[in-house]
Amino acid sequence: MNQSRLKVNREKDLSRWQGLEIHYPFWDLSSRKSAAEEALNALQEFIFPDGVPAVALKPPNIPSVYSTLYWLRNMSCMHECCHTLEIATPECQNHYEVTCYDKAADVYAYIAAKVASIKMKKPIKVYKRTYELSSSITRGCHESYHSSKTFDNMRPILLPFFAIRPIFSGSGGYIKIGEVAKFVLSPRTFIPVRSTEGIQIHRERDYESFSDTGYRIHFYIGESLKNEWTRFINNGLTSYIISVAEEEILKNIPQVKDPIKSMQEISKNPDGEWKVELENGKYEDAISFFNSYYLDAIERLFEDRIINNWDKLTLDKIEYIVDKLGCGNVEDCKKYLQWVEVKHFIENPEKYVEIEELSEEEMREYRSVFGKEWKEILLSYMFTEILGNKATDLFIGKEKERDLHEIISEQLYGKDRLLTEKEIGKCVISPPPGRARLREQIIKEFSKKYTLEMYWDRWGITDILPKKSWEIKKVDWSEEEIRNYIKEKRKELN
C-alpha cells in the first residue's frame, strides 16, 4: 500500500453504515394461521410506560400515496411482508450498534405478540427463525452495508468469503433435503433468491442508499439470529471483508468453483472439517482457507486503521473461533456461534427446560408432519420462539415464560454478556445518531400539523398543494445540522 493512502487510512476508523431487515413470523396457535396483520394492528395501540406510542408515524391514508411503512419510536421501519412482519433497523454506524437494534427489534416483536394475544384472547406466538422445513418458504434477514465500490467490483474477494460464511453466521435448524429432514448450519443457504439472472446472493440498491456518494450492498442470504454474539461477529466480519476488498488489501485469492453449492455443503456438516472446492478442481480446508487469506488481510487492515474496543473484541472472538474450529473443538464455540448453541440445546434439552409429555395423538401428528426427527425439529423451533427476557421486562413487566437463549446464556455464562438490558432498552426508545435521529425530529416537528409520508431517503407533506417533498440522501447528520435543517424547513413552511 502506498504511503499517501496509508496516511489517509490511519485517520479513519472501521465504522461502516449498515442495517438489517428482519422477518418475524407470527402464529395464531388456535387457527394455525399467520397472525402478522393482528400483530401489526396490536403494536399500533401500544403505549410505553413513559406515555410515548410504539409507532411514531403511520403511512398516510391517501389513495395516491403508495406507502405501507410504519415508523417505530426508535426509527426502525415496520411493514407486513409475505405473511410476516418485517422490522428494518435504523441506519447504524457500526456492527455493535446494529447488534443493539437487532435485539431492540425482538422487543417490538414480542410486545406485538403479547398485545395481540390479550386483544384477541388467544395465544399469538412470534418466532425469529430463518426457515420452515419447506425450502419454498423464505424467512430470515437481509443485510445492507454502505460501500464505496459495487459488489461486482469486489466480487472476487466477497464470493469466496460468502462460500464459507455459514461457519460464522449460521442460525442452525432443520430443512428438508430430499425427503430427509437434516440439521444444517445455515438453513437460509438452501432458500436462495432466484431471478432471471439465476440464484442471487446480493442485490445492488442505488435507491434508499446510505449515502449519495456510495452504494448500498444488499445481501439476501442473511440469518435471523437470537444469539447477539453471532450477530456481532457476523456483521463485524462482513464489514471488515468489505473494507479489505475496497482498499485492495487482498487482491488475488483462489476462486471457489460454486459458491452456493459450497455454502450448502458446508452447512450440511455440523461436525467440522469443512472443505471448499476451488475452480482448479482442488479442495482446501475452509478454516485454513479463511486464515490464509481473510484473517491475514483483516489483521493487516487493523494495522492500518483507528481501532476501537468493539473492533478489538470482534477480532479477538474471530481468532478464538477459528483456533477452536481448526482443532475440531466445535462445542467450545457455542457461546459465539448460534448454530452450535442450537445443536447443543437439541442434544441437551433437559438441562434448560422441562419437556412436556405429549399424547399419542400429538406424537402421531408430529411424526406425520416432521418424520422421525420430529423431536429434534420441535426443539429447534422452541429455540426460535421469542419470549420474555430482561429487555422486555423493562417495558411490559416480567413474564413467567422466559426466552430460551437467555436461559442457556445465563446458565452457561452468568453475567458475562455482550449487551445489557439497559443498552437494549435505550435502543428500543431512541434512534441512533445520524439520519434516523433527523427522521425522528422531522416527525416530532411536523406530524401534528401536516400529513407526512416518510421513506428512508426522502420525506414529504401530502396535504398541501402543491405537494412538497425533500430528499435526505446524506446519512451522517450531526445534532447541529439536524437543528439547522428543522429550522430551515420550519421557515420554508411558514
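Since we're looking at a predicted model, the values are computed, not measured.
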Asker: Without hydrogens or angle criteria, can the side chains of T150 and N153 be said to hold a donor-acceptor pair below 3.5 Å?
Answerer: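 A donor-acceptor contact under 3.5 Å links the two side chains.
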Asker: Regarding K58 and Y70, do their side chains bring together a donor and an acceptor under 3.5 Å, going by distance alone?
Answerer: no
Asker: Can you see whether W477 has K474 sitting over its ring - NZ or CZ less than 6.0 Å from the centre and within 45° of the normal?
Answerer: yes
Asker: Please report the interatomic distance CD1(I221) to SG(C141), rounded to the nearest 0.5 Å.
Answerer: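 The CD1 atom of I221 sits 12.5 Å away from the SG atom of C141.
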Asker: For N234 and E223, which I'm curious about, is there any donor-acceptor pair between the side chains at under 3.5 Å?
Answerer: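 Short answer, no.
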Asker: In terms of side-chain geometry, is the basic nitrogen of E246 or R305 positioned less than 4.0 Å from the acidic oxygen of its partner?
Answerer: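 Not counted as a salt bridge, because no side-chain N and carboxylate O are separated by less than 4.0 Å.
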Asker: Please determine whether the number of non-hydrogen atoms from other residues, nucleotides or ligands lying under 6.0 Å from atom CD of E480 exceeds 12.
Answerer: no
Asker: Using a 6.0 Å cut-off, check whether atom CD of E492 has over 12 heavy atoms from anything other than its own residue.
Answerer: yes
Asker: Centroid separation under 6.0 Å, is that true for the rings of Y110 and Y108?
Answerer: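 Not under 6.0 Å, so no.
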Asker: Do T89 side-chain atoms and S76 backbone N/O form a donor-acceptor pair below 3.5 Å?
Answerer: no
Asker: If only side-chain N and O atoms count, and only distance matters, is there a donor-acceptor pair under 3.5 Å linking T314 with H95?
Answerer: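 The criterion, which ignores hydrogens and geometry beyond distance, is satisfied for T314 and H95.
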Asker: Looking at CG of D50 and CZ of F395, how far apart are the two atoms once the value is rounded to the nearest 0.5 Å?
Answerer: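 So the gap between those two atoms works out to 8.5 Å.
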Asker: To the closest 0.5 Å, what do you measure between NZ (K312) and CZ (F302)?
Answerer: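 Taking NZ in K312 and CZ in F302, the distance rounds to 10.0 Å.
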Asker: Is there a donor-acceptor contact under 3.5 Å linking the side chains of Y96 and E423?
Answerer: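 There is such a pair (donor and acceptor under 3.5 Å, judged by atom type) between the side chains of Y96 and E423.
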Asker: To the closest 0.5 Å, what do you measure between CG (N308) and CG (D13)?
Answerer: 7.0 Å
Asker: Quick one: do E479 and R437 make a salt bridge, cutoff under 4.0 Å?
Answerer: yes
Asker: Can you confirm whether the side chains of S171 and R129 place a donor and an acceptor under 3.5 Å from each other?
Answerer: no
Asker: Under a plain distance cut-off of 3.5 Å, with no hydrogens placed, do R165 and T238 share a side-chain donor-acceptor pair?
Answerer: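 Side-chain D/A pair, T238 to R165: present.
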Asker: Below 4.0 angstrom, N of the basic side chain to O of the carboxylate: do D106 and K226 qualify?
Answerer: no
Asker: Do F168 and F290 have ring centroids that are under 6.0 Å from one another?
Answerer: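 Between F168 and F290, which both carry aromatic rings, the centre distance is below 6.0 Å.
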Asker: Find the distance between CZ (F383) and OH (Y127) and round it off to the nearest 0.5 Å.
Answerer: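 Going from the CZ atom of F383 to the OH atom of Y127 covers 14.0 Å.
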Asker: Checking the side chain of T392 only, and the main-chain atoms of G388 only, is there a donor and an acceptor separated by less than 3.5 Å?
Answerer: no
Asker: Go through the side-chain N and O atoms of N227 and E341 and say whether any donor and acceptor fall under 3.5 Å apart.
Answerer: yes
Asker: Is any side-chain N of the basic residue among E248 and K149 closer than 4.0 Å to the acidic one's carboxylate O?
Answerer: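 Yes, this pair counts.
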Asker: Measure from NZ or CZ of R73 to the centre of the six-membered ring of F48, then state whether that distance is under 6.0 Å and the direction lies within 45° of the axis.
Answerer: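 So R73 does make the cation-pi contact.
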Asker: Could you check whether K324 pairs with E319 (Lys NZ or Arg NE/NH1/NH2 to Asp/Glu carboxylate O, under 4.0 Å)?
Answerer: no
Asker: Looking at E91 and R439, is any side-chain nitrogen of the basic one under 4.0 Å from a carboxylate oxygen of the acidic one?
Answerer: yes
Asker: Tell me whether K33 forms a cation-pi arrangement with W27, defined as NZ or CZ under 6.0 Å from the six-membered ring centre and within 45 degrees of its axis.
Answerer: no
Asker: Can you see whether Y352 engages H405 through a side-chain donor-acceptor pair at a distance of less than 3.5 angstrom?
Answerer: no
Asker: Would you kindly say whether E80 and T68 are connected by a side-chain donor-acceptor distance under 3.5 Å?
Answerer: no
Asker: Mind checking whether F219 and H142 have ring centres under 6.0 Å apart?
Answerer: no
Asker: Side chains of T189 and F162: closer than 4.5 Å at any heavy-atom pair?
Answerer: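 Answer no - side chains too far apart.
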Asker: Compute the centroid of each ring, for W71 and then for W456, and state whether the two points are separated by less than 6.0 Å.
Answerer: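 Yes, ring centres under 6.0 Å apart.
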Asker: Measure from NZ or CZ of K489 to the centre of the six-membered ring of Y485 and say whether it is under 6.0 Å with the direction within 45° of the ring axis.
Answerer: yes
Asker: Taking atom types as modelled, is there a side-chain donor on H218 or S144 under 3.5 Å from an acceptor on the other?
Answerer: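 Judged by distance alone, the side chains do pair up.
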Asker: Any carboxylate oxygen within less than 4.0 angstrom of a Lys/Arg side-chain nitrogen, looking at D463 and K449?
Answerer: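 No, no charged N to carboxylate O under 4.0 Å.
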Asker: If you measure from CD1 on I464 to CG on L493, what distance do you get to the nearest 0.5 Å?
Answerer: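 One gets 5.5 Å once the value is rounded to the nearest 0.5 Å.
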